[in-house]
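Remarks on the structure that follows.
Within every chain, numbering begins at 1; the chains are lettered A, B, ... in the order of the sequence lines, protein sequences first and strands thereafter.
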Amino acid sequence: MTVRFARAGFPYEAMFDKGDILERLDIAVHWGHYEIRVLRFHLTSFEPGRIINFHNHSTYEFHFIPRGAGRVILGDQPHSLSEGLLYLTGPGVMHYQEADGAQAMDELCLHVDIVRRPNPSVDPWEAAEAEECMQKLNALPLRPAADSHGAMPCFLQAYEACESKRIGYYTDIRMQVIGILLKTIQAYDSGDTGTEAPSRDMAAYRYDYAVRYMEANYTSGLRLEDVAEKLDLSPRQLQRIFRGVDRERPFSRVLEDIRLQAVCDRLRTGSLSIERIAELEGFSTAAYLHTVFRKRMGSSPSVYRKAKQSELHRHPADTPPGQIDHSPNEVNIYEPNV
DNA sequence: ATGTCGATTACTGGTCGCAG
DNA sequence: CTGCGACCAGTAATCGACAT
């Protein structure tokens, strides 16, 4: 039986109200190639002088002291416990716990089973990071450490999420479980890491971002400077990025391709006037559309429309709506003059 | 890797005239 | 009326060279 020694201002006090609320949940977290299943997840209080005799588990038990004092023997080494300390008892670690003779000792406990379950579809970066963390977890020294990275508040957050039943609370709780694992490792860790977070190929990312932005905004007089500004780059640097990705297609060419593709689409499937199409697809005038279209497609827009629409009538089943190849670079009788 | 500058080239927008 | 082509001046894009 546990006895509570409440004190005003103890942030975890609320966790005594529904002590087993987290344990009633079946919590499983997949992390890289590991599955972490929560067995116990609670706040408990040991009355003064209370002893938990030597025992061990086949699983991982994370212990945190949010209040009070006591003693733990890990293996054969005794250590004193005080507010703010944590320790881990991994599989097979014999341990003995005792609350101070004069004062109670509270303990936040997360008891988990961790099983390796290889999963080929897992993100390799996450897998590498989880692997490194598990190696560190298995090599943690058998001694208490200060909760320097704030693992204990994760207990309270998990409890509050569970109690509130707010949207996403199960995910929130699982994140707190991972948080407790990580912060425990960090409490012992020197800070060096063998794995790095995934980094982007910045040129490819910027190119992709720029093209997407152009596709979404090409009708509104888009300029190199506008796109560069979106990427927080100089126009010159954006030009270099376009040149680096595809030497043959600078900014203006990519923009022109996007516009021509839309024009071709309208010519093939609609009956809008050339002037109206030019207006809708970002060409200042029909005259300019004619110039560009002829240069790239080898014919005028109206000739193209006649040819494509008669083609559609001859082979309606070959080109269902929405699956028409309207690339300006298509190879046909109207191949653009590159 | 990125920014600035300057020379060069290409694009843009307006206008006009011609043809069907 | 619509589509098309030509012309021209202003603007934007391109790119090498150089600096940070």
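With rounding to whole Å, A:Gln237 atom CD is found 15 Å from B:dC5 atom C1'. The distance from atom CE of A:Met214 to atom C1' of C:dA12 is 14 Å, rounded to the nearest whole Å. The nearest whole Å value for the distance from the CZ atom in A:Phe293 to the C1' atom in C:dG3 is 13 Å. Atom pair A:Glu256:CD and B:dC11:P shows a separation of 6 Å (rounding to whole Å applied).
For residues 160-186 of chain A, the set of pairs meeting the ring pair (Phe, Tyr, Trp, His ring centres under 6.0 Å) definition, not counting sequence neighbours, is empty. Counting only residues at least two apart or in different chains, ring pair (Phe, Tyr, Trp, His ring centres under 6.0 Å) contacts with residues 251-278 of chain A comprise A:Phe242-A:Phe251.
Grouped by direct or indirect side-chain proximity (heavy atoms under 4.5 Å, Ile/Leu/Val/Met/Phe/Trp/Tyr only), A:Phe54 sits with A:Ile51, A:Ile73, A:Met94, A:Tyr96.
A salt bridge links A:Asp208 with A:Arg212; the closest basic N to acidic carboxylate O contact falls under 4.0 Å.
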Annotated protein contacts, base or backbone, on nucleotides 13-20 of chain C with a non-hydrogen cut-off under 4.0 Å, one of B, S, - each | SBBBB---
Going 5' to 3' through nucleotides 6-11 of chain C and flagging B where a protein heavy-atom sits under 4.0 Å of the base, S where only the sugar-phosphate is that close, and - otherwise, we get B-----
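Ring-plane geometry between A:His57 and A:His95 is classed as tilted, the angle between the planes lying from 30 to 60 degrees on a 0 to 90 degree scale.
Under the side chain to side chain contact (heavy atoms under 4.5 Å, CB included) rule, A:Arg37 has a single partner from A:Val177, A:Asp26, A:Thr59, A:Ile27, which is A:Asp26.
Here A:Arg71 pairs with A:Glu98 under the salt bridge (charged side-chain N to carboxylate O under 4.0 Å, His left out) rule; sequence neighbours left out.
A:His33 places no side-chain N or O within 3.5 Å of a backbone atom of A:Ala127 that could act as its donor or acceptor partner.
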